[in-house]
Peer 1: 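A single structure is presented below for examination.
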Amino acid sequence: MAKYKAPRGTKDVLPDEIPEWRFVEETFRHVCSLYGYREIRTPAFEETELFVRTAGESSDIVTKQMYTFSDPGGESYTLRPEGTAPTVRAYIQHNLGYGMPLVKLFYIAPIFRYERPQAGRLRQHHQVGIEVLGSSDPAVDAEVVALGVDFLSSVGVSGYEIHINSVGCQNCRPAYRQALIGFLEPLKDGLCEDCKRRLKVNPLRILDCKEEICKALTASAPRILAYLCDECRVHFESVLSYLKTIGVELVVDSRLVRGLDYYTKTTFEFLHPSLGAQSAVLAGGRYDGLVEECGGKRTPGIGFGCGIERVLILRQHYNLRTDEGNIVDVFVCAVGESVRQHAFKLLKELRCAGVRADMDYLGRSLKAQMRFADRLGATYVVIIGDEELSNGVATLRAMRESKQQQVPLDKLVDYLRSLEERGS
RNA sequence: GCGGGCGUAGCUCAGAGGUUAGAGCACUGGGCUGUGGCCCCAGGGGUCGCGGGUUCGAGUCCCGCCGCUCGCCCCA
């Protein structure tokens, strides 16, 4: 047993898995560029206060999931538990909106939450996400959902449902909240323990409870869509209309309530059945009050986060797999100690000429060197021994064709480079 | 925080009270004295998660702890 292990709920991404990660990340970057989004990178930790203010005092994230620590100077910091607040903080701090009324950003970042790990849920996971700041146009809501659709289809994921809802705004949500409390108060003895507590701190969350008894009791509860103010109702209908125009299928789900306090108007989740209880692969919503809450000018915003590990689970589910291909193009086999200096020099020249190349550093037999070259996927093997050296040549073996020839040592690098160029 | 399953070689796993703990894959060497893949032979590699208990004897049975994993809550 190893003495040290990766902390609970964290994972090492090993070399064999890196191609999958790079594929997902690069695909995301590409899709974002098609939509005019630019990348931003923010620190892994922020002042604790930022998350407490934005996610909400009573949210699960703030009450029990944050990795908070104080640095030697006594400041309280928290490892990023979500991607939106840091992005908004950077947007305000650097005046990204100055002279640029609409800003579209994307990020790829680790996210930290203290939770019980299980399939598709980690204490450090990674999200790709986007944020649009500066427009309340319902077409932007539709664009954000559309980008999510394009991203998932580009990485080969299908079979999900998009649930969408509007949670209203500061003008209409209080009335709905009162109506909901009024409906549930007489029934509260039948609710689960968690929901009895939610009734006081965040009654909307009761609609999202997975307990059958709560689902039954809330089946006929008032629906938020019936309480939206004119502005929110028109906005939501317009979002649905834009999405219909581009052929995105939706499930309007009036029970969809998200865990963060800052959401307004549109909220959505992309749910996939094969993810089990953690069925959300991509989720987000509009947050028209967040920038102001963080000390900036009143600026509407909307975005989503998407769990990379969950995307990878789904790719596995669909038997999708990108592999690395060959690791080097050329392997240099030195036969005998006396030729190693020459082999080492040749290796350096190959690499400087842009040819991926390697050699043996374990003093292995030629047979073992060949086997290793095969395992690295080398297209060519260069064999140099005393005989070759005294004739000023090397044996060049084409592995896939199982053919070999003698090539003058001083022509070898150019020759291999030309073969490479022709091959690629 | 609560419940189920599992911890034996680098990996996947067999072994269910009785010599010195095994297999496949991988690795190293040889068959092939300078040539990969296929085949054959050999070799290296293990505090059987940790600690205690029962027993003449414990990977094996019992208890505790730790870890991993799956589910509940919640989230990407």
Side-chain angles (χ1 to χ4, degrees), chain A residues 1-11 14 16 55 59-65 80-84 108-129 148 152 160 192-195 197-198 202 205 208-212 214 257-260 268-272 275-284 303-314 331 333-336 339 362-388 394-404:
Chain A
M1 277 297 118
K3 184 173 177 182
Y4 297 110
K5 291 192 289 195
R8 173 157 213 199
T10 69
K11 285 230 186 315
L14 301 175
D16 282 349
S59 66
D60 276 15
I61 284 182
V62 171
T63 55
K64 53 186 184 185
Q65 298 184 330
R80 167 176 52 217
E82 60 105 8
T84 299
I108 301 175
I111 304 283
F112 305 87
R113 286 181 208 163
Y114 185 83
E115 305 184 81
R116 276 296 287 268
Q118 63 187 75
R121 192 176 67 194
L122 297 161
R123 289 182 175 180
Q124 176 180 342
H125 75 278
H126 300 79
Q127 288 185 17
V128 301
L152 289 180
Y160 54 82
C192 75
E193 289 305 312
D194 281 336
C195 285
R197 185 168 38 81
R198 288 178 183 131
N202 198 341
R205 302 304 308 279
D208 201 35
C209 185
K210 304 296 188 294
E211 294 284 340
E212 285 305 325
C214 298
V257 178
R258 312 222 58 245
L260 301 168
F268 56 89
E269 294 183 344
F270 290 36
L271 307 175
H272 200 288
L275 285 171
Q278 285 70 242
S279 58
V281 60
L282 187 157
F304 71 67
C306 175
I308 295 180
E309 284 87 349
R310 290 187 185 175
V311 169
L312 294 175
I313 288 171
L314 292 173
F331 193 85
C333 292
V335 183
V339 300
L362 297 172
R364 284 179 283 191
S365 67
L366 178 60
K367 183 189 179 77
Q369 291 186 50
M370 295 288 293
R371 198 162 41 226
F372 191 55
D374 193 48
R375 214 172 80 161
L376 296 180
T379 315
Y380 298 98
V381 164
V382 175
I383 301 168
I384 305 178
D386 289 324
E387 194 182 315
E388 281 90 350
T395 299
L396 178 63
R397 181 174 178 83
M399 296 293 272
R400 297 202 223 313
E401 292 76 30
S402 299
K403 284 181 185 156
Q404 57 191 52

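Residue numbering restarts at 1 for every chain, and letters A, B, ... go by the order of the sequence lines. Below, each value reflects all heavy atoms present in this structure, side chains not excepted, and no hydrogens, waters or symmetry copies.
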Peer 1: Under a 3.5 Å cut-off for both contacts, is B/C27 paired Watson-Crick or G-U wobble with anything, and if yes, with which nucleotide?
Peer 2: B/G43
Peer 1: Walk me through whether A/Arg123 and A/Tyr114 qualify under side-chain contact (heavy atoms from CB on, under 4.5 Å).
Peer 2: CA-CA 5 Å; A/Arg123 289 182 175 180; A/Tyr114 185 83; 3.3 Å; yes
Peer 1: Expressed as a whole number of angstroms, how long is the span from A/Glu115:CD to B/G71:P?
Peer 2: 14 Å
Peer 1: For residues 370-386 of chain A, which side-chain donor-acceptor pairs fall under 3.5 Å, sequence neighbours excluded?
Peer 2:
{"residue": "A/Thr379", "atom": "OG1", "partner": "A/Arg400", "partner atom": "NH2", "Å": "3.4"}
{"residue": "A/Asp386", "atom": "OD1", "partner": "A/Ser338", "partner atom": "OG", "Å": "2.7"}

Peer 1: How would you list, by chain and number, every residue that makes a side-chain contact (heavy atoms from CB on, under 4.5 Å) with A/Ile313, sequence neighbours excluded?
Peer 2: A/Leu275
Peer 1: Rounded to the Å, how far apart are A/Arg205 CZ and B/C74 P?
Peer 2: 7 Å
Peer 1: Let's test this: given Watson-Crick or G-U wobble pairing with both distances under 3.5 Å, identify the partner of B/C13.
Peer 2: B/G22
Peer 1: So, using salt bridge (charged side-chain N to carboxylate O under 4.0 Å, His left out) as the criterion, who are the partners of A/Glu82 when residues are at least two apart?
Peer 2: none
Peer 1: Looking only at atom C1', what distance separates B/A26 and B/U12, rounded to whole Å?
Peer 2: 11 Å
Peer 1: Watson-Crick or G-U wobble partner for B/G57, using a 3.5 Å limit on both distances?
Peer 2: none
Peer 1: Roughly, in whole Å, what's the span from CD in A/Gln369 to C1' in B/G37?
Peer 2: 17 Å
Peer 1: Check salt bridge (charged side-chain N to carboxylate O under 4.0 Å, His left out) between A/Arg364 and all other residues, then give those that pass, not counting sequence neighbours.
Peer 2: A/Asp360
Peer 1: How would you list, by chain and number, every residue that makes a side-chain contact (heavy atoms from CB on, under 4.5 Å) with A/Ser365, sequence neighbours excluded?
Peer 2: A/Lys367, A/Ala368
Peer 1: Taking protein heavy atoms under 4.0 Å as touching, what does nucleotides 27-35 of chain B look like 5' to 3' if B marks base contact, S marks sugar-phosphate-only contact and - marks none?
Peer 2: SSS-B--BB
Peer 1: Which base, if any, makes a Watson-Crick or G-U wobble pair with B/C2, both distances under 3.5 Å?
Peer 2: B/G71
Peer 1: Holding to side chain to side chain donor-acceptor pair (under 3.5 Å), I want the full list of residues that pass it with A/His126, two or more places apart in sequence or in another chain.
Peer 2: A/Gln124, A/Glu309
Peer 1: Run the side-chain contact (heavy atoms from CB on, under 4.5 Å) test against A/Gln404 and tell me which residues pass, sequence neighbours left out.
Peer 2: A/Thr395, A/Arg397
Peer 1: Polar atoms only, N or O, under 3.5 Å: list the protein pairs with nucleotides 68-70 of chain B and their distances.
Peer 2:
{"residue": "B/C68", "atom": "OP2", "partner": "A/Arg8", "partner atom": "NE", "Å": "3.1"}
{"residue": "B/U69", "atom": "OP1", "partner": "A/Lys11", "partner atom": "NZ", "Å": "3.1"}
{"residue": "B/C70", "atom": "OP2", "partner": "A/Ala119", "partner atom": "N", "Å": "3.1"}

Peer 1: Is B/G24 syn or is it anti, if syn means the base angle is within 90 degrees of 0?
Peer 2: anti
Peer 1: Considering Watson-Crick and G-U wobble pairs with both distances under 3.5 Å, what does B/C65 pair with?
Peer 2: B/G49
Peer 1: Does B/U35 have a Watson-Crick or wobble partner in any strand here, with both distances under 3.5 angstrom, and which is it?
Peer 2: none
